[in-house]
Structures are given as C-alpha cells and as structure tokens.
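None of the values given here were measured: they were computed from a predicted structure. In what follows, every heavy atom counts, from backbone to side chain, and hydrogens, waters and symmetry copies are set aside.
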Amino acid sequence: MAVLKKIRSRWWSPPPNEFPVEAEKPAPAAVGTRYDIRPLTISHLDECWRLDQRCFVDGEAYSRETFEYLLTAPESISFRAATPNGSMAGFVIGLIEPDHTGHITTVGVAPEHRRRHLAKRLMAEVEKGFRQRQVRLVRLEVRSLNIPAQKLYQRLGYAVTQRLPKYYSNGGDGLLMLKSLD
C-alpha cells in the first residue's frame, strides 16, 4: 500500500515549474507598530499554526491537530498579539493541568515582530488568566540552548528547577521553569 501511495504521488504531482514559489520573508514591522493582545480562539487555528511553523523551524512546531486540541480544550487560556490590520504577530497558549498548575504550552512571536516586548505582554496576559482561574503555580519548558527565552522568563520571575535530558524530539535538553503567582 505504501508503494502505491508513492507511485500515485509521482503520477499526480504537478510538473516542476508548477510548484509554488517559496513565500518571501515578511519585512520587519515598522518601529512604533502598535499591538493589541486579544483572545486566541479556534477561529484563528490556521493562522496560529502557520505562525508556529515559522517560529519553530527546528522541527519542534506543533501539528495542526495539536493546535486544534489546545484551542478547544476547556482548560485552555490563550491569547494573540495582533497588528493594527488584525494579523497575528504572536501567541501564547496555556493549559490548566489536573493538579491546578498552569502550564504554558507554547509562546511564539513572528521573527519580524521580535524584540518589541510581545512575549512579555503575552506572558502577563496568560498569567492574569491563570490567576482569574485560581492557579497559583505556573510551569513551562524551554530549550537549554535558548538563552534569550530563559533570560526573559527569569526576568518575569521564573526559576529553573530541573534539567530535562533529551526532552525535545531532536534529542535536545530542556529546562523546567516554575513561577509562583502568589
């Protein structure tokens, strides 16, 4: 059956000159661009998934199905940063775990919108959402090699509590970081 799928894909593939051209990288956002933090809902599924693919090019991006679950789970607390024209510049998704711990599952900011404090604003909003639902402890995982993200989280009050060997699918180590909301 797998062989048939391979053969069919060759039969029905468009000629080489009809493949879509890779999209150009967006230009950096203009200095002074204003961003609104808004709820992230299932209606933003495709836009969020596409942005995640751009943010996590190392193979650690979530599948569309995972985003569908994350955005429809009743325990989800999710926000997006939107430009004046309404396009998504960043997102954060948190879940309330069964033990009533907040888990920041993913944070992503489009490369052309980075270094504008969007991740900080998104983190503040998701923490506010956790507080409103009586969550007192928040956790997140971050790559051990992602020093800029670690520094951001430390400035926001998170502390490394554990090294997670081979946590990521490519074998990279992670760090568990915790923050008390009390």
Side-chain angles (χ1 to χ4, degrees), residues 25 35 37 39-42 44-81 88-182:
K25 293 182 181 178
Y35 301 92
I37 305 299
L40 175 62
T41 67
I42 191 66
H44 307 109
L45 172 63
D46 289 324
E47 186 179 14
C48 187
W49 176 71
R50 283 190 304 270
L51 178 54
D52 187 64
Q53 301 297 305
R54 291 181 51 222
C55 291
F56 299 99
V57 295
D58 58 1
E60 293 300 326
Y62 284 137
S63 69
R64 188 177 183 285
E65 293 76 22
T66 298
F67 271 104
E68 186 171 3
Y69 164 75
L70 291 171
L71 295 176
T72 58
E75 58 275 2
S76 176
I77 299 174
S78 307
F79 296 94
R80 64 192 173 102
M88 191 179 307
F91 62 88
V92 62
I93 300 175
L95 292 176
I96 300 175
E97 301 287 349
D99 66 356
H100 219 63
T101 299
H103 180 199
I104 297 179
T105 308
T106 185
V107 181
V109 175
E112 67 275 14
H113 293 282
R114 291 181 183 159
R115 306 199 55 78
R116 293 191 169 86
H117 307 287
L118 290 180
K120 178 180 175 181
R121 290 178 60 195
L122 289 162
M123 292 288 289
E125 200 66 29
V126 77
E127 288 175 6
K128 179 180 167 186
F130 283 142
R131 282 186 185 95
Q132 290 171 345
R133 298 200 31 203
Q134 286 69 53
V135 169
R136 298 288 169 244
L137 182 68
V138 179
R139 72 179 173 96
L140 59 82
E141 298 82 18
V142 62
R143 282 185 178 285
S144 62
L145 299 177
N146 190 345
I147 304 303
Q150 291 172 42
K151 287 181 179 179
L152 168 68
Y153 301 142
Q154 287 170 340
R155 284 193 304 272
L156 296 176
Y158 289 80
V160 175
T161 61
Q162 185 179 353
R163 186 170 195 89
L164 306 168
K166 299 183 181 181
Y167 180 78
Y168 291 96
S169 62
N170 68 357
D173 291 353
L175 300 174
L176 176 65
M177 299 184 81
L178 297 177
K179 177 180 178 177
S180 172
L181 295 181
D182 287 332

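- Distance alone, capped at 3.5 Å, places no donor-acceptor pair between the Glu141 side chain and the Thr105 backbone.
- Heavy-atom minimum distance, Arg133 versus Ser76: NH1-O, 3.7 Å.
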Inset, instruction - Begin with the C-alpha distance, continue with both residues' side-chain angles, and end with the deciding distance and a verdict on side chain to side chain contact (heavy atoms under 4.5 Å, CB included) for Ile96 and Gln134. - result: CA-CA 10 Å; Ile96 300 175; Gln134 286 69 53; over 6 Å; no
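- A donor-acceptor contact shorter than 3.5 Å is absent between the side chain of Arg64 and the backbone of Asp46.
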Inset, instruction - Take His113 and Leu51 through the test side chain to side chain contact (heavy atoms under 4.5 Å, CB included) and record every step on the way to the result. - result: CA-CA 12 Å; His113 293 282; Leu51 178 54; over 6 Å; no
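- Rounding to the nearest 0.5 angstrom, the gap separating the CG atom in Leu40 from the CD atom in Glu125 is 12.0 Å.
- In terms of heavy atoms, Ala110 sits closest to Cys55 at N-SG, 3.9 Å.
- Side-chain contact check for Leu140 versus Met123: some heavy-atom pair is nearer than 4.5 Å.
- Side-chain contact check for Glu127 versus Val92: every heavy-atom pair is 4.5 Å or farther apart.
- Side-chain N or O atoms of Ser144 include one that pairs as donor or acceptor with a backbone N or O of Asp173 at under 3.5 Å.
- Put simply, OG1 on Thr101 and CZ on Phe130 are 9.5 Å apart, with the number rounded to the nearest 0.5 Å.
- Residues Ile104 and Tyr153 form no side-chain contact, since every pair of their non-hydrogen atoms from C-beta on lies 4.5 Å or further apart.
- To the nearest 0.5 Å, atom CG of residue Leu122 and atom CD1 of residue Ile37 are 4.5 Å apart.
- Contact annotation: the side chain of Thr106 approaches that of Phe56 to within less than 4.5 Å [non-hydrogen atoms, C-beta and beyond].
- Remark: Ile93 CD1 to Asp52 CG distance equals 8.0 Å, nearest 0.5 Å.
- For the pair Glu75 and His103, the minimum side-chain heavy-atom distance is 4.5 Å or more.
- With contacts defined as side-chain heavy-atom distances shorter than 4.5 Å, the pair Arg115/Pro148 does not qualify.
- Looking at every heavy atom in both residues, Gly172 comes nearest to Arg143 through CA-NH1, 4.4 Å.
- Between atom NZ of residue Lys120 and atom CG of residue Leu152 there is a gap of 8.5 Å, rounded to the nearest 0.5 Å.
- Residues Glu97 and Arg139 are paired through a salt bridge, judged by an N-O separation under 4.0 Å between the basic side chain and the carboxylate.
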Inset, instruction - Go through the steps to decide whether Ile77 and Lys128 satisfy the test side chain to side chain contact (heavy atoms under 4.5 Å, CB included), and finish with yes or no. - result: CA-CA 10 Å; Ile77 299 174; Lys128 179 180 167 186; over 6 Å; no
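- Proximity of a side-chain donor or acceptor of Arg163 to a complementary backbone N or O of Gly174 within less than 3.5 Å is not detected.
- What you find for Arg54 and Pro111 is that their closest heavy atoms are NH2-CD, 3.6 Å.
- Enclosure of atom NE2 in His100 by more than 12 non-hydrogen atoms of other residues, nucleotides or ligands within 6.0 angstrom is indicated.
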Inset, instruction - Walk me through it: do Leu70 and Ser78 pass the test side chain to side chain contact (heavy atoms under 4.5 Å, CB included)? - result: CA-CA 9 Å; Leu70 291 171; Ser78 307; 6.0 Å; no
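- Ring pair Phe91/His44: centre-to-centre distance not below 6.0 Å.
- Looking at every heavy atom in both residues, Ala81 comes nearest to Leu118 through CB-CD2, 4.0 Å.
- Lys179 contributes atom NZ, which lies 14.5 Å from atom OG1 of Thr161 (distance to the nearest 0.5 angstrom).
- Across all their heavy atoms, Gln154 and Val160 have their closest contact at NE2-CG2, 4.3 Å.
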